[in-house]
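Scroll down for the structure; my scribbles are underneath it.
Below, chain A is the first sequence line, B the second, and so on; all start at residue 1. All values below come from the heavy atoms of this structure, side chains included, with hydrogens, waters and symmetry mates left out.
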Protein chains: 2
Amino acid sequence: MGKQMTEMLKGTLEGIVLATLAVQPAYGYEITARLREQGFSDIVEGTVYALLIRIEQRGLVDVEKVPSEKGPPRKVYSLNAQGGDYLEEFWKSWGFLAERIEQLHHQLEQPGHSNNTPNEGE
Amino acid sequence: MGKQMTEMLKGTLEGIVLATLAVQPAYGYEITARLREQGFSDIVEGTVYALLIRIEQRGLVDVEKVPSEKGPPRKVYSLNAQGGDYLEEFWKSWGFLAERIEQLHHQLEQPGHSNNTPNEGE
DNA sequence: GCCGCTATTCAGTGCTACTATCTAGTGGTA
DNA sequence: TACCACTAGATAGTAGCACTGAATAGCGGC
């Protein structure tokens, strides 16, 4: 991925992680690995941990320390009620944005329309 | 809109403006007004002008000064070949991201699936 | 004892949207 | 003339977020 994806992830990565936690609780290292498997190949631990700390401090997730057999204790995050509300707002914002962008995409794919609507807002 | 939308627009607003210019050349004040009409009610001129200067310095758009009857001369931007390539990359990145997010959305709407695939990557 | 894997933390950087303000040009009005 | 409203653009400073790079901690294998 490139610079465009980096900028696009601002704001959406948070929603992606929250949605992931809504499906199933998880810890940072695990989330990073899953994102990498799903094609977000550039995402590294540091990014995800910073995000998790942020949403924890905002009270969107609950945290539970679980001992690991393979290393230091894991911090398992799960979405709480407040996080659920926040995630719903995310879906609304995303839906609005996606709608506008898809609309533009369709306009570009169908060049035979009337796009210069001269007296629209005047 | 809220803080979520602000963050989400980082990276996507650029694509939105480029796509808008691909449909039809326009100047900053006009673009801002159109975005506002389309529901991006918080967007102000300053944001759009800064973005336009950025994409101009990257060589993604051509600029033409056109005198206006109502005020200072307009800087009319139009997408050039390089901008077209960049816009195509934007669609690819957007498509990838939208696909992942829609997938998560479907997972949350259909809670009867098997989501805990225990041995997927180990 | 050293390396590799798991797991988390943290300081610093770059990019972008936002805020607020300023300048410039035209036309209307008191 | 002086003032205001609308059009049109520029700019300095701020906040937020993903990224970089490094460090730390715990466990097992060589």
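The phosphate of D:dA10 has OP1 or OP2 within less than 4.0 Å of a side-chain N or O from B:K75. Here B:Y27 reaches the OP1 or OP2 of D:dA8: one of its side-chain N or O atoms lies under 4.0 Å away.
What separates CD of A:E7 from C1' of D:dC19 is a distance of 10 Å, to the nearest Å. In this structure, the CZ atom of A:R74 is 13 Å from the P atom of D:dC27, given to the nearest Å. The CE atom of B:M5 sits 18 Å away from the P atom of D:dG16 (whole-angstrom rounding). In this structure, the NZ atom of A:K3 is 13 Å from the P atom of D:dT20, given to the nearest Å. Spacing between atom NZ of A:K65 and atom C1' of D:dG26 amounts to 12 Å, rounded to whole angstrom units. Atom CG of B:L9 is separated from atom C1' of D:dG16 by 13 Å (rounded to the nearest Å). Between A:I43 atom CD1 and D:dC19 atom P there is a gap of 5 Å when expressed in whole angstrom units.
Taking every nucleotide of DNA chain C with any atom under 4.0 Å from a non-hydrogen atom of chain B, the first and last of them, 5' to 3', are C:dT16 to C:dT26.
Using a 4.0 Å cut-off between charged nitrogen and carboxylate oxygen, B:K75 and B:E64 do not count as a salt-bridge pair. Between B:E7 and B:K10 there is a salt bridge, since a side-chain N of the basic residue sits under 4.0 Å from a carboxylate O of the acidic one.
Side chain of B:R36 to backbone of B:I43: a donor-acceptor contact under 3.5 angstrom is found. With hydrogens and angles ignored, the 3.5 Å screen pairs a side-chain donor or acceptor of A:E30 with a backbone N or O of A:Y27. For the pair A:N80 (side chain) and A:G59 (backbone), a donor-acceptor distance under 3.5 Å is present.
Considering CD1 of A:I101 and CD1 of B:I16, their distance stands at 4.0 Å, rounded to 0.5 Å. Rounding to the nearest 0.5 angstrom, the gap separating the CD atom in A:E109 from the CH2 atom in B:W91 is 8.5 Å.
Residues in residues 13-28 of chain B take part in these salt bridge (Lys or Arg N to Asp or Glu O under 4.0 Å) pairs, two or more places apart or across chains: B:E14-B:R58.
Comparing A:G71 and A:G11 against DNA chain D, the residue whose closest nucleotide sits nearer the 5' end is A:G11.
Near DNA chain C, meaning a heavy atom under 4.0 Å from it, residues 45-57 of chain A has A:E45, A:G46, A:Y49 in order of number.
Taking the six-membered ring where the residue is Trp, B:F40 and A:F96 present perpendicular rings, their angle passing 60° and hence far from 30°.
Side chain A:K70 to base D:dG26: no donor-acceptor pair is found below 3.5 Å.
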